[in-house]
Amino acid sequence: MSRSVLVLNGPNLNLLGRRDPEVYGTATLADVEASCIAEGERLGLEVECRQSNHEGLLIDWIHEAFESGTAVVGNFGAYTHTSIAIMDALAVLSAPVVEVHISDIHQREEFRHVSYVGKVADAAVIGKGVDGYAEALREVARMLDA
Ligand code: CA2
């Protein structure tokens, strides 16, 4: 199976490190993406990182992953709780899909407790801060090596 992984970040995550540090920490998206590339190198994964505030573009990128057999590590931001379209796009992937949330969505407002992404992901790393992305990549490597 391919060892490529697409790390997708959804709406507002481009603002990481610039607002709400008590919830999301002080690392920027660039810091997170650099740590994903470094963890990928350690794990022998070819990692590419992208961020969009647009649901349709995220779906187009998931379709690209589908066509190329690429695994997805995704923090789809608030679309996690609303987007049946993203869930449907992820559902057809045969490569691993791991959901990430920086904060613990289950300890926050009730509307964040539902995850459509979680209904189709193979694993989830929730509430571990930005270190959760590296953990999700290790989870992908474990699944590919199994
Ligand atoms: O905890 C997470 O990773 C979330 O996916 C982040 C989303 C939120 O809607 C989800 O419920 C949980 C929000 C991302 C907002 O991103 C910001 C980052 C820094 C500053 C302001 C917003």
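All of these numbers come straight from a predicted model, not from anything done at the bench. Heavy atoms only: backbone and side chains are in, while hydrogens, waters and symmetry mates are out.
Rounding to the nearest 0.5 Å gives a distance of 9.0 Å between CD of Q51 and CG of L16. The CG atom of L43 lies 5.0 Å from the CG atom of L45; values are rounded to the nearest 0.5 Å. Interatomic distance, H106 NE2 to S115 OG, rounded to the nearest 0.5 Å: 7.0 Å. We find the NE2-CG distance between H63 and L93 to be 8.5 Å, quoted to the nearest 0.5 Å. With rounding to the nearest 0.5 Å, the separation of CD1 in I59 from CZ in F76 is 9.0 Å. Between E48 atom CD and E64 atom CD the span is 7.5 Å, to the nearest 0.5 Å.
Side-chain heavy-atom separations under 4.5 angstrom define the hydrophobic clusters, and the remaining members of the one that includes I105 are I126.
Around CD of E46, the count of heavy atoms belonging to other residues, nucleotides or ligands within 6.0 Å does not exceed 12.
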Solution key, residues 116-124 side-chain donor-acceptor pairs under 3.5 Å, sequence neighbours excluded:
from: D122; atom 1: OD2; to: V97; atom 2: N; distance (Å): 2.8

Contacts table for residues 137-146: side-chain donor-acceptor under 3.5 angstrom, sequence neighbours left out:
from: R138; atom 1: NH1; to: E39; atom 2: OE2; distance (Å): 3.1
from: E139; atom 1: OE1; to: R142; atom 2: NH2; distance (Å): 2.9
from: D145; atom 1: OD1; to: R3; atom 2: NH1; distance (Å): 2.8

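For P21 against T26, the heavy-atom pair with the smallest separation is CB-CG2, 4.1 Å. Of all non-hydrogen atoms in G132 and V100, the two that sit nearest each other are O-CG2, 4.1 Å. The two residues T80 and G77 make their nearest non-hydrogen contact at OG1-O, 2.6 Å. The two residues N53 and P11 have their closest heavy-atom pair at OD1-CA, 3.3 Å. Taking every heavy atom of both residues into account, C36 and V47 meet most closely at O-CG2, 3.9 Å.
Clustering ILVMFWY residues whenever any of their side-chain heavy atoms sit less than 4.5 angstrom apart, transitively, puts L57 in the very cluster that holds M87. Both V92 and Y79 are members of a single hydrophobic cluster when ILVMFWY side chains are connected at heavy-atom separations under 4.5 Å. Under a hydrophobic-cluster definition in which Ile, Leu, Val, Met, Phe, Trp and Tyr are linked whenever side-chain heavy atoms come within less than 4.5 Å, directly or via other members, V130 and L8 are assigned to different clusters. Residue F111 is not grouped with residue V114 when hydrophobic side chains (ILVMFWY) are merged at heavy-atom distances under 4.5 angstrom, including chains of intermediate members. Under the 4.5 Å side-chain heavy-atom criterion for grouping Ile, Leu, Val, Met, Phe, Trp and Tyr, I102 is connected to V125 within one hydrophobic cluster.
Contact check for L90 versus V72: side-chain heavy atoms found under the 4.5 Å cut-off. At a threshold of 4.5 Å between non-hydrogen side-chain atoms, the residues Y133 and S35 do not count as touching. The side-chain heavy atoms of I86 and E55, taken from C-beta on, include a pair separated by under 4.5 Å.
Ring-plane geometry between H101 and H81 is classed as parallel, the angle between the planes falling under 30 degrees on a 0 to 90 degree scale with a further cut at 60.
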Under the criterion side-chain contact (heavy atoms from CB on, under 4.5 Å), I'd like the reasoning laid out for I37 against C49: C-alpha separation, chi angles, the key distance, then a yes or no. CA-CA 8 Å; I37 302 288; C49 302; 4.3 Å; yes

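Side-chain contact, T28 with R18: no donor N or O sits under 3.5 Å from an acceptor N or O. A donor-acceptor pair shorter than 3.5 Å cannot be found between the side chains of T70 and S2.
Ion pairing between a basic and an acidic side chain is recognised when a charged N comes within 4.0 Å of a carboxylate O; E110 and R112 show no such pairing.
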